[in-house]
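All remarks here apply to the structure that follows.
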Amino acid sequence: MNKKIATWNVNSLRVRMPQLLDWLANEQPEIVALQETKVQDSDFPADALEVAGYKVIYSGQKSYNGMAIISRHFDADEIITDIPGLDDPQRRILAATYNGLRLINLYVPNGQRLGSDKFHYKLEWINHVRQYIASQLQQHPRLLVVGDFNIAPDERDVCDPTKWHDKILCSEQERAALQQITACGLQDCFRLFDQPEGCFSWWDYRAAAFRRNLGLRIDLILASDVLCKHAVSCHIDTSPRSLERPSDHAPVVAEFAD
DNA sequence: ATGGTCGAGCTTCGA
């Protein structure tokens with residue numbers, strides 16, 4: 001049976017729990033990587049997710065950032081909550097191995113504006129995580145790197161490339177940094193398949209951006225060559241973005257054959 | 001018009 005693996009920036013897990021539980025019941029994903037849980041570990045809603053049939057791991061902090069991975073059948077092994085060699089209090093990475101599948105869940109810094117302190121932190125953070133990914137690929141042929149990359153890979157992933165030209169999330173520097181990650185031996189699952197134009201995963205809350213489909217595709221599932229051979233589909237599920245009180249991101253789902 | 005709206009948690013910051 002095929003297995004669905006998903007990534008979703010929920011923008012507050014506590015607010016989004018009803019939507020997440022409904023979505024899990026409908027989609028029956030095997031593993032879901034969550035970003036921006038915005039909940040410290042002592043308040044993590046583990047019980048409700050376990051009742052829904054998922055094992056949980058998480059690495060959170062108060063107010064900002066925060067990561068979790070939920071898994072239906074397999075226990076998480078070799079858990080890491082920090083990029084080796086980078087001292088960073090922000091909870092932006094959570095990786096674990098599930099039945100031989102290595103999953104790295106990322107919440108890449110937003111970067112705010114080109115040239116800002118946060119932009120330099122973003123590039124530095126990506127540089128460190130790329131080195132970690134490269135070393136992980138040597139050890140784990142079955143590797144997925146998923147999450148909110150806060151980078152639109154190319155012009156197809158931008159609603160209005162002229163308006164977004166060299167803006168944060170779309171700059172040449174950010175795209176080059178992302179290409180350095182994929183050059184380690186990963187492919188964007190979404191582009192393994194024919195896709196319609198105008199597919200995005202994030203829409204600003206302001207200015208009715210979702211209704212007007214003024215979005216970016218910044219949430220990605222990157223797969224190693226071994227896993228790409230088993231990928232059978234990849235799509236963005238825009239339905240949760242239409243609900244009342246939505247996350248500003250939609251889940252991305254990839255399906256893998258055994 | 002350089003705005004708009006969310007979430008957390010506190011009267012502002014980050015996205």
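Remember, it's a predicted structure, so these values are computed and weren't measured experimentally. Here is the naming used below: chain letters follow the sequence lines, and residue numbers restart at 1 for every chain.
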Of R14(A) and N9(A), the one whose closest nucleotide on DNA chain B sits nearer the 5' end is R14(A)
Quick check on DNA chain B: between R206(A) and N110(A), whose nearest nucleotide comes earlier from the 5' end? R206(A)
What is the distance from [atom1] of [X] to [atom2] of [N], rounded to the nearest Å?
{"X": "Q61(A)", "N": "dC13(B)", "atom1": "CD", "atom2": "C1'", "answer": "13 Å"}
{"X": "Y121(A)", "N": "dG14(B)", "atom1": "OH", "atom2": "C1'", "answer": "12 Å"}
{"X": "M17(A)", "N": "dG7(B)", "atom1": "CE", "atom2": "C1'", "answer": "17 Å"}
{"X": "E174(A)", "N": "dA15(B)", "atom1": "CD", "atom2": "P", "answer": "13 Å"}
{"X": "L34(A)", "N": "dG7(B)", "atom1": "CG", "atom2": "P", "answer": "16 Å"}
{"X": "W202(A)", "N": "dC6(B)", "atom1": "CH2", "atom2": "C1'", "answer": "12 Å"}
{"X": "L114(A)", "N": "dA15(B)", "atom1": "CG", "atom2": "P", "answer": "15 Å"}
{"X": "Q90(A)", "N": "dA8(B)", "atom1": "CD", "atom2": "C1'", "answer": "15 Å"}

What integer number of Å spans the [atom1] atoms of [N] and [M]?
{"N": "dG9(B)", "M": "dA15(B)", "atom1": "C1'", "value": "16 Å"}
{"N": "dT11(B)", "M": "dT2(B)", "atom1": "P", "value": "27 Å"}
{"N": "dA1(B)", "M": "dC10(B)", "atom1": "C1'", "value": "29 Å"}

For K118(A) and dG14(B), is the shortest distance between a side-chain N/O and OP1 or OP2 below 4.0 Å? yes
Ignoring backbone atoms, establish whether R245(A) has a side-chain N or O less than 4.0 Å from OP1 or OP2 of dG7(B). yes
Nucleotide nearest [X] (side chain, heavy atoms from C-beta), chosen from [options]:
{"X": "A207(A)", "options": "dG9(B), dT5(B), dG4(B)", "value": "dG4(B)"}
{"X": "R92(A)", "options": "dA8(B), dA15(B), dG7(B)", "value": "dA15(B)"}
{"X": "K62(A)", "options": "dG9(B), dA15(B), dA8(B)", "value": "dG9(B)"}

Heavy atoms only, 4.0 Å cut-off, all strands: where does R16(A) land among base, sugar-phosphate and nothing? sugar-phosphate
May I ask you to say what Y107(A) touches in the nucleic acid, namely base, sugar-phosphate or nothing, with a heavy-atom cut-off under 4.0 Å? sugar-phosphate
V252(A), L103(A): one ILVMFWY side-chain cluster at the under-4.5 Å cut-off? yes
For the side chain of T97(A) and the backbone of R102(A), is there at least one donor-acceptor N/O pair under 3.5 Å apart? no
In terms of relative ring orientation, are H249(A) and W202(A) parallel, tilted or perpendicular, with 30° and 60° separating the classes? tilted
Taking the side chain as every heavy atom from C-beta outward, state whether Q90(A) and Y64(A) have any atom pair closer than 4.5 Å. no
Judged by modelled atom types alone, do K122(A) and N110(A) share a side-chain donor-acceptor pair under 3.5 Å? no
